[in-house]
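For reference, the structure discussed in these notes is given below.
FYI, the numbering just counts along the sequence from 1. Not measured: the values here are computed from a predicted model. Indexing begins at 1, ligand by ligand and atom by atom, following the structure's order.
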Amino acid sequence: MRIGILGSGLMGGKLGTIFAHAGHEVVFSYARRKEKLERLARDAGPKARAGAPAEAAQNADALLLAVHWSRVDDVLNQAGDLSGKVVVTCSLPMNADDTGLVLGHTTSGAEEFAKKVPEARVVCAFNTVPSEVLFGVFEAGSKATRPSLVYCGDDADSKGTAAELIRDAGFNPVDAGPLRIARYTEPFALLVAQLAYEGEGGPELAYRFERIRPE
Ligand SMILES: NC(=O)c1ccc[n+]([C@@H]2O[C@H](COP(=O)([O-])OP(=O)(O)OC[C@H]3O[C@@H](n4cnc5c(N)ncnc54)[C@H](OP(=O)(O)O)[C@@H]3O)[C@@H](O)[C@H]2O)c1
């Protein structure tokens, strides 16, 4: 697949690198310095390149939205028309200092984002995993028992695409249902972050806690 990364920080930088190593064509976009995007692309190998958000969106089979909530409108403006595009969002609706969600339980960041791009096909995924464990999960690959990762969305085809990317990243995709389920996964992601960054166990503890085994 051609995958456009909108936001090349901790999540976008790592997931883009993983997708490139898994054989996808990746365009890293949206960082404060072009040199950073170029370095990410160089390090990710021949399948990756750096570009502007509009280049990342052009001809993309899937886009990863991985920006702070406050940057969503800006990156959308730069990406241009996303009609028909599969957009996998891991962005959480956080306040400026990342201490809390800015939305109540009657909606979610994923649903509010989907309203901004009504012609796109939005899937919510990867937001329940601390970025620190991503490379380890990918590198463990088939050797390890795959950790589960929940995703949700309203469009079956785009959920299939997201599930493929989740599998390529080394996880077992668990379909949690329609996009509105993000109302529950987003606060869950905060619990994971609390355990990972403020508890004593670090991201590995959050990662173990995150495992779910569907029957
Ligand atoms: N980190 C995690 O473990 C984690 C886990 C689950 C969900 N999430 C969610 O995923 C999303 C991304 O998180 P993250 O940790 O990857 O954030 P991040 O490391 O801060 O990455 C955000 C990206 O946006 C870019 N950016 C910020 N301001 C910009 C500007 N003015 N112009 C251009 N680019 C700009 C940053 O550029 P620079 O690279 O130049 O800084 C960076 O590449 C957030 O919504 C977060 O809540 C994160």
**OP:** May I ask you to decide if V75's main-chain N or O and Q78's side chain share a donor-acceptor pair within less than 3.5 Å?
**Re:** no
**OP:** Could you grab the distance from atom CG of L92 to atom CG of N127, nearest 0.5 Å is fine?
**Re:** 5.0 Å
Original post:
Quick one: does V129 get a heavy atom under 4.0 Å from ligand 1?
Top reply: yes
Original post:
Which of the numbered atoms in ligand 1 are below 4.0 angstrom from a heavy atom of P130?
Top reply: 3 (O)
Original post:
Are H24 and K47 side-chain neighbours, meaning at least one heavy-atom pair lies under 4.5 Å?
Top reply: no
Subject >> Under 3.5 Å: N/O of L10 near N/O of ligand 1 >> reply: yes
Original post:
Is the closest side-chain heavy-atom distance between T185 and Y151 below 4.5 Å?
Top reply: no
Original post:
Any idea which protein heavy atom is nearest atom 23 (C) of ligand 1, and the distance to it?
Top reply: G9 N, 3.8 Å
Original post:
Out of C90, A193, P203, whose heavy atom sits nearest atom 9 (C) of ligand 1?
Top reply: C90
Original post:
Is L92 in polar range of ligand 1, meaning some N or O pair under 3.5 Å apart?
Top reply: yes
Original post:
Quick one: which ligand 1 atoms are inside 4.0 Å of a heavy atom on R71?
Top reply: 28 (N), 29 (C), 30 (C), 31 (N)
Original post:
Purely on distance, is any nitrogen or oxygen of A66 under 3.5 Å from one on ligand 1?
Top reply: no
Original post:
S131 to ligand 1: N or O pair under 3.5 Å?
Top reply: yes
Original post:
Does V150 reach the side chain of F171, with side-chain heavy atoms less than 4.5 Å apart?
Top reply: no
Subject >> Short N or O distance, V67 and ligand 1, threshold 3.5 Å exclusive >> reply: yes
Original post:
Are the charged groups of E25 and R49 less than 4.0 angstrom apart, N to O?
Top reply: no
**OP:** Please determine, by modelled atom types, if N95 and T99 share a side-chain donor-acceptor pair under 3.5 angstrom.
**Re:** yes
Original post:
Would you say A189 touches ligand 1, if touching means a heavy atom closer than 4.0 Å?
Top reply: no
Original post:
Which bit of D74 gets closer than 4.0 Å to ligand 1, counting heavy atoms only: side chain, backbone, both or neither?
Top reply: neither
Subject >> Note, M94 side chain near V102 side chain (heavy atom, < 4.5 Å) >> reply: no
**OP:** List the closest protein heavy-atom neighbour of atom 26 (N) of ligand 1: residue, atom name, distance to the nearest 0.1 Å.
**Re:** Y30 CE2, 3.8 Å
**OP:** Just let me know how Y197 lines up against ligand 1, side chain, backbone, both or neither, with a heavy-atom cut-off below 4.0 Å.
**Re:** side chain
**OP:** Verify whether one side chain among E164 and T161 offers a donor that lies under 3.5 Å from an acceptor in the other.
**Re:** no
Original post:
Does the distance from a Lys or Arg side-chain N to an Asp or Glu carboxylate O, for E111 and K115, drop under 4.0 Å?
Top reply: no
Subject >> Shared hydrophobic cluster for L15 and L63 (ILVMFWY, side-chain gaps under 4.5 Å) >> reply: no
Original post:
N127 heavy atoms, cut-off 4.0 Å: which ligand 1 atoms fall inside?
Top reply: 6 (C), 7 (C)
Subject >> Test of proximity, M11 against ligand 1: N or O pairs below 3.5 Å >> reply: yes
Subject >> atom 20 (O) of ligand 1 touched by protein (heavy atom, under 4.0 Å) >> reply: no
Original post:
Taking both backbone and side-chain atoms of T128, is any N or O found less than 3.5 Å from an N or O belonging to ligand 1?
Top reply: no
